[in-house]
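Every number for a ligand or one of its atoms is a count from 1 in the order of the listing.
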Amino acid sequence: MDHKEGMYKVRDLALAEEGRRLIDWAESRMPVMMALRAKYAETQPLKGYRIAGCLHVTKETAVLVRTLAAAGAEVSWSGCNPLSTHDAVAAALADEGINIYAWHGLSVEDFYWCIDQTLLINPNLTLDDGADLIFTVHNKYPELVQTIIGGTEETTTGVHRLRAMADDGALNYPVIAVNDAETKWDFDNVYGTGQSTLDGIIRATSVMLAGKNFVVAGYGHCGKGVALRAKGMGANVIVTEVKPTAALKATLEGMRVMEMDEAAKHGDVFVTATGIKDVIVKRHFESMKDGAIVCNTGHYDCEINIADLEAIASGKREIRNSNEEYVTSDGRRIYLLAQGRLVNLAAAEGHPSEVMDMSFANQFMSQIRLAEMHKSGEPWENKVYDIPAEQDQEIARLKLDTMSIGIDELTPEQIEYMDNYAAGT
Ligand code: ARJ
């Protein structure tokens, strides 16, 4: 372990060169971020701001970190999941002078120690994925709230937590819900999760997906993405849901919908994508087929009740990377991937850079917006804010430009027609 007090703690600084190559590769796929970096390196909108971030330490996140630093910010960082840190990327960031506390496979105790360290810079902005950092600030270091002007949140689960906090009057500074940008949830959550989840399952198992009964729990944006891609690979997709409209959508999109109690008997592969705990529990494990593969792509590791699996297992062994074989007392083998943590980040590399390009453009622009709000001297309320619709269109337009895709423009006559409610048959 390489540790410099007040600066970094990473697995091995000697990995920095490998990490730099990974980040350079990601940069070559993230043209929107590179354009924003070039633009804001000139104007330094984040100069004088100290940002503490808690988000998966991947090559894509490193591009965000470099961009925040290029715009003038002082940055400190930790990972938001014990299994998603890429040690080479962490080493490269430490080597570039970023305060970073992250290594792969850390304990839950060390996870919170890392968050504590990132707060030593006395941040005035926070950047979360899952709200663990902002929650730590509120719970453990409430005095920091006085100098924090705002925060941003990356993911659905975090936005849920923050809205609940705001409803309780317990949120003590404004937060922008990056997740709720159209250029985030409609791309990252759907196509990002779809590809990276299958990538994680394939890396951990190498199984053929065609012909498998592939059970997806939850047909929100993430579950839908996974189901669509699994279907595209030739799997028979079964969806389980609690929400009637989501179940109907899944049905009309060609998925079979049934209760988990029934799906448990048929599934060859199970993926949870609900954001809710105890989606797969003891009675489900008890009815699964020999050889069933179980994993999660929701934010926290509570969707699959692992204690229940342990309770019915007579033994377990790691059969491959990110793949543990549990043998039940009646002799069936059940394979749990990535210890029930985000399979796409723990067993693969998370979403592809191309889609994180838009998610992180929203993060970056939202941090700048908070700094601008602060400079304007007109503070916001302690609420959860959406990103402005113009930001979505601007980022989408930038992305299209980098893909050399042109779109049409409305003529003045068309605009007039749209606004004219009197025009009918
Ligand atoms: C960093 C990633 C990556 C990646 O945006 C996604 C989200 O909402 C998360 C829930 O924790 C994960 C996050 N994500 C997916 N892929 N963050 N780098 N490559």
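For the pair Arg29 and Trp25, the cation-pi test (distance below 6.0 Å, angle within 45°) is passed.
A donor-acceptor contact shorter than 3.5 Å links the side chain of Lys289 to the backbone of His266. Here the side chain of Asp357 pairs a donor or acceptor atom with the backbone of Val32 at under 3.5 angstrom. Between the Glu241 side chain and the Val257 main chain, no donor and acceptor come within less than 3.5 Å of each other.
Considering only non-hydrogen protein atoms, atom 7 (C) of ligand 1 sits nearest to Thr155 OG1, 3.6 Å.
Ligand 1 has an N or O atom lying under 3.5 Å from an N or O atom of Glu60, backbone or side chain. For ligand 1, the polar-atom distance check finds no N/O of Asn179 at less than 3.5 Å from any of the ligand's N/O atoms. No N or O atom of Ser359 sits closer than 3.5 Å to an N or O atom of ligand 1. Here's the thing with Asn344: none of its N/O atoms is less than 3.5 angstrom from an N/O atom of ligand 1.
Between Met365 and Tyr40, some side-chain heavy-atom pair lies under the 4.5 Å cut-off.
Only side-chain heavy atoms of Leu55 come within less than 4.0 Å of ligand 1; its backbone N, CA, C and O stay farther off. For Trp185, no heavy-atom contact with ligand 1 is shorter than 4.0 Å. By the criterion of a heavy-atom distance under 4.0 Å, the side chain of Leu345, and not its backbone, is placed next to ligand 1.
Listed by number with element, the atoms of ligand 1 under 4.0 Å from a non-hydrogen atom of Gly350 are 16 (N), 19 (N). Under a 4.0 Å criterion applied to the non-hydrogen atoms of Glu349, ligand 1 contributes the atoms 19 (N). Residue Lys184 approaches ligand 1 through these ligand atoms, each under 4.0 Å from one of its heavy atoms: 5 (O), 7 (C), 8 (O).
Residue nearest to atom 17 (N) of ligand 1, selected from Glu153, Met356, His351: Met356 (by heavy-atom distance).
To the nearest 0.5 Å, atoms CE (Met356) and CG (Asn362) are separated by 10.5 Å. Note: Ile148 CD1 to Ile51 CD1 = 12.0 Å, rounded to the nearest 0.5 Å.
Ion pair Asp180/Arg163 flagged as a salt bridge, since at least one NZ, NE, NH1 or NH2 atom sits closer than 4.0 Å to an Asp/Glu carboxylate oxygen.
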